[in-house]
Structures are given as C-alpha cells and as structure tokens.
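Worksheet: one structure, shown below.
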Amino acid sequence: MKVRISAALAAISILLAGCVTPPQQPVALTEVHSTSMPGKVGVAMTPLPKVDVHLPGAGCLLCMAAASVANQSLTTYAQTLPYEDLPKLKDEIAALLRKKGIDAVVVAEDVNVDALGSYSGEGTNKAKKDFTPLGKKYGIDKLVVVSISTLGFERAYSAYVPTSDPKGVLRGIGFVIDLKTNTYSWYLPVSVLKSAEGNWDEGPKFPGLTNAYFQAIELGKDEFLKPLLK
Amino acid sequence: MSRLGILLIAAALNGAAAAADGDAKVALRLPQQKQVVFRGVSSLDAAGGGPGAMMYPAPNVVGLLAAIATHGFLSEATRNTEKAKIQEAADKVLAPYQDILKEFEHRQLMQRALERTTSFGEKRLLESGQAAAGETLIESLPVFSMTQDQRTLVLDNAVVFYAPNAPSESAYKITVRVVSRAKDADDLVAFWTADGGEPLKVESARLFATSLELARRAASRELDKGDAAPRTVRYLEGASEKMERAHVLNSACDRMVIRTLRDALMSVPLKRAEGAPNADCASGLID
C-alpha cells in the first residue's frame, strides 16, 4: 500500500513539475547602436507599483497579520514616499538611444503586460505574452520596456519572526523585444536591496530607511541604464 | 517645564551659537580614550537571512507563544552576530596599518587639527575631565573609517559646543561626516605608511579640522539653509559612487556640503571637473 502511495505521489510530482514554465533566463545586450537596433524603437514602462512594505516569509495568515501589525508605522510612512523621477526613466533611456543614432520614441502611456494575450510560438527567448500587436499600435519595430514590480521596503520573515532588518528595495526587469518575432534581445532582472546605515527604527519619519529607499531607486536606475551605455 | 526654564535654555542656546563664532576662544577637550578609533567601511546590504518557513512545536497557545519568543530571540542574536562578523571582516583592511594606528592618539590628532583650523580665535587642548576657563568648550568623538579599496578615509565626528558658563543642557550637538578625496597610488599601503604614517595622520587631521570648522559654522548659523526639498546627491567614496538623500547647503571646489535626513552634516567629494583645481580650492582645508 505504502509503495503504491509513494509511486502515485512521485508520478503526480513529475507531472506537476512538467507543467511549470521555466523562468526566462537573462539575455545580455551585446551592442547598442543603429545597426543592432534598426527601425523605430519604442521605450515604455509598465505601471509603477505602490510604494509599500513587503514581508516575504511571513507565509501563514496569522504570520502575515502579526508581521503587518509589527510593521504598521513603516507601512503607513512608506505609502507617503514619492516615486521621485522614476517615471522619467523611459525618457532617459530614449535620450540615451537617440545619442547612439537609434530612432527612439517614448511610449507615453503605461504598457500593461498582463493585459496582453498569450503567445503560442515556441523557441529560445520567445516571450510568453504576445507583444506583436504593439508594433502596429505604436508604429515601432522594437520595444524597450522597464517593468518595476517591487518598490519600497522589504523585510524577510521566517513565519512570525523577522530574519532581517527592513531595507530599501527595487525589483523589476528591463527588456528589449522584437515586435515581429516576439523575441527578447535583452532581458535583465534587476534586484536592489539597500540597508539603512546604523539604526533603522526611527519612526515616524525613518530617515535612515528613507535614505535607503532613494538609494535603491538610484541604484536600480543605474542597473537599467548601464547595459545601454555600452 | 516652566516658561522661565524654556526661556533660560533658549537664551543659553543663543549663547552657545554666539560663542561658536569666529572670534571665540575655544578649548577642545580630549576624549577619555587615548587611541584614535579606526574601522573598515562595511555594508549591511546583504546582511540578514532570507525568507523562510518555521514549524513551531505548539501543544497549546502558551507553548506556541513560548516557541515564537525563543525563535525571535535566536533570530535577533544571529543577526547581531552576523553584523559583528561583517564589521570584523571589514576591519581587516586596517591590518597593514596597525603599527601606526596603535601609536596614533587623540592628543596628536586634535593638536594637529586645531593648528589647521582658521576660523577660531584663541584655541587650546584640554585634558580629559579638565574644565574650560571661560572659553567655549568643544567635545568631540571622532571615528575614522577606511574604504575597502584603501583610497579614502571617512570621518564621523560627533561634536558638542558648550557656551561659556552655560548649563550643559544648552549644548549644541551635531554629527559631521567628512569624506576625503580618493588617493591615487600604485601601492596604497606604502603611500599611507610612508614616513611613519605621516600621510595617514595628516589626512586624518585635515578631515578632523574640516569637521570642526563645519560644526562651528552650523553652531553659529553661518551655513545656508540649503534647498527647501531634499534630493539624492551622488558623491565619491573611494572608487565607488555613493548616494545620500539630503539638502544641499553649498557646492564649491568639487565638494559639496549637505544636510542629511538625520540632520547631520556631510562634506563630500564630487566627480572632479576637467583640469586642476584653482588656487582658492587648493588652499582649502580638504580637497
């Protein structure tokens, strides 16, 4: 009986594992000039996330509730912090590309990747979402996208107990996609964690963590821009 | 507190500010600790564990609470140990300088620095515990850090000004950080330790003198209020570019003076413009 159950569990595990889509691997941007990026290139951003406190590891419902209460004053404060000039990152990128002779235009509206349809084509570095309709919509051949998914502060937990101090955080991805082939020619995950210098628990204004938040924004911007400077 | 008490403290505070003006007689009191404190510049960006799961042995609610409390205690102890280890590892950058640093005392540092300051009137060193004789008393606790690339010294100086004959509660307190410009040398250990460590001692005294001058200007309200809103300032620390959210007070000679979100002052080097600094800049306390 035990052997049968074990075999069944193993079979289910293998089947489920087979269903998991492997994550997109980073794709390095080798060169940035008008020959490597011919045609018209759009530069867009996805909607910026709310500035918030993230508590990974506080997994159970009670743990989440306890961690939220423990970090309430920081959460309230985080939600007052501005994006600074983060929304202008696409303008900076477009200006950088134009300096390199690339015909770059800024896509004024936010691109909502979740609203795009699925892409059925298969192959190396093919996007899971279908970006091809955006080529016609914006009259462009390639699209540079900066997508920031996490912004604010992060404090790791193990159930009810914090395992780290809160830190300034910026996470996201930058990518270039060919709108004819739906293929990434650049895919860069960015993850910046910046600790406060000295004591962090200085409510209600949290100056050390506020500094770390703005440092994370600047470092994150640098990470997105650095490959385009090549 | 009574209204009279508040008025007395306000008056004394004004006195501290006035006493810190350029013509004031000042006495700089030596700290109790003889040796100058040096550390390695460290970063806690990677400190702390990642997210994890925990199964608590919980026969009942009391048992669960006890298990969580134990877990919390152990986690905090682990984090504190990790921070200490990170600092210990960072301090290893000072290994080649130990022979010089163990002989480098506050008396030597502060005497050299006082001689460099230009905006005080009469000035002298006081022994630790010695009282001032009608002068503005300055207490200071400097901590120096060396960047891991050994090119830069960073001074964090907590400075307190006591106006003559004023109560100690009225003291003016400020923290000043001064970051030196990165040194260019093929062998930085040989550079800093040349001539019995003279370059290291001279640079430390220059940083300390700059911090005292800045603290005096802040105490006597000579510094600009700066930009109304803080902004993120980029500066150099060793070969690295650093950032600080701050109000910019002034910028000259490829350096910037800023007031941080913690109300501390910082004097930081900026990326140097093309060409050599002009004569005015070269004569400054710190380049």
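Values reported hereafter were calculated over all heavy atoms of this structure, with side chains retained and with hydrogens, waters and symmetry mates removed. Proteins get letters first, then strands, A, B, ... in listed order; numbering begins at 1 in each.
Contacts with chain B were tallied for A:E154, A:R155, A:K167; A:K167 has the most, counting heavy-atom pairs under 4.5 Å. If you tally non-hydrogen atom pairs under 4.5 Å between each of B:T78, B:T260, B:L261 and chain A, the highest count goes to B:L261. Among A:S158, A:A156, A:P207, the residue making the largest number of heavy-atom pairs under 4.5 Å with chain B is A:S158. With chain A as partner, the option from B:D263, B:I68, B:D45, B:L44 having the largest number of non-hydrogen pairs under 4.5 angstrom is B:D45.
By the 6.0 Å contact criterion, NZ on A:K99 is open, its count of non-hydrogen atoms from other residues, nucleotides or ligands being 12 or less. Atom CZ of B:F73 sits in a sparse spot, with 12 or fewer heavy atoms from other residues, nucleotides or ligands closer than 6.0 Å. Annotation: A:K128, atom NZ; neighbour count of heavy atoms from other residues, nucleotides and ligands within 6.0 Å is above 12. Annotation for A:L229: atom CG counts as buried by contact number, over 12 foreign heavy atoms lying within 6.0 Å.
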Evaluate side chain to side chain contact (heavy atoms under 4.5 Å, CB included) for B:E76 paired with A:T163, printing each intermediate quantity in order. CA-CA 8 Å; B:E76 192 172 350; A:T163 58; over 6 Å; no
So B:T232 and A:E84, side chain to side chain contact (heavy atoms under 4.5 Å, CB included) or not? Walk me through it. CA-CA 9 Å; B:T232 309; A:E84 190 72 345; 4.3 Å; yes
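Separating the OG atom in B:S75 from the OH atom in A:Y157 is a distance of 10.0 Å, to the nearest 0.5 Å. In this structure, A:C60 SG and B:Y56 OH are separated by 8.0 Å, a value rounded to the nearest 0.5 Å. Taken to the nearest 0.5 Å, the CG atom of B:D156 stands 7.0 Å off from the CD atom of A:E197.
For A:K194, the parts lying near chain B are the backbone and the side chain together; criterion is any non-hydrogen pair under 4.5 Å. The part of B:K83 that comes within reach of chain A is its side chain, from C-beta onward, which places non-hydrogen atoms under 4.5 angstrom from that chain. Only the side chain of B:R79 comes within contact range of chain A, with heavy atoms under 4.5 Å apart. Using a 4.5 Å cut-off between heavy atoms, B:A46 touches chain A through its backbone atoms (N, CA, C, O) alone.
Heavy-atom minimum distance, A:S164 versus B:A47: CB-O, 4.3 Å.
Remark: A:D85 does not engage B:R231 in a salt bridge, criterion side-chain N to carboxylate O under 4.0 Å.
Results of the side-chain contact (heavy atoms from CB on, under 4.5 Å) test with A:E218 over B:R245, B:E241, B:M243 single out B:M243 as the only residue that passes.
Along residues 208-216 of chain A, the residues that come nearer than 4.5 angstrom to chain B, judged on non-hydrogen atoms, are A:G208, A:T210, A:N211, A:F214, A:Q215 in order of number.
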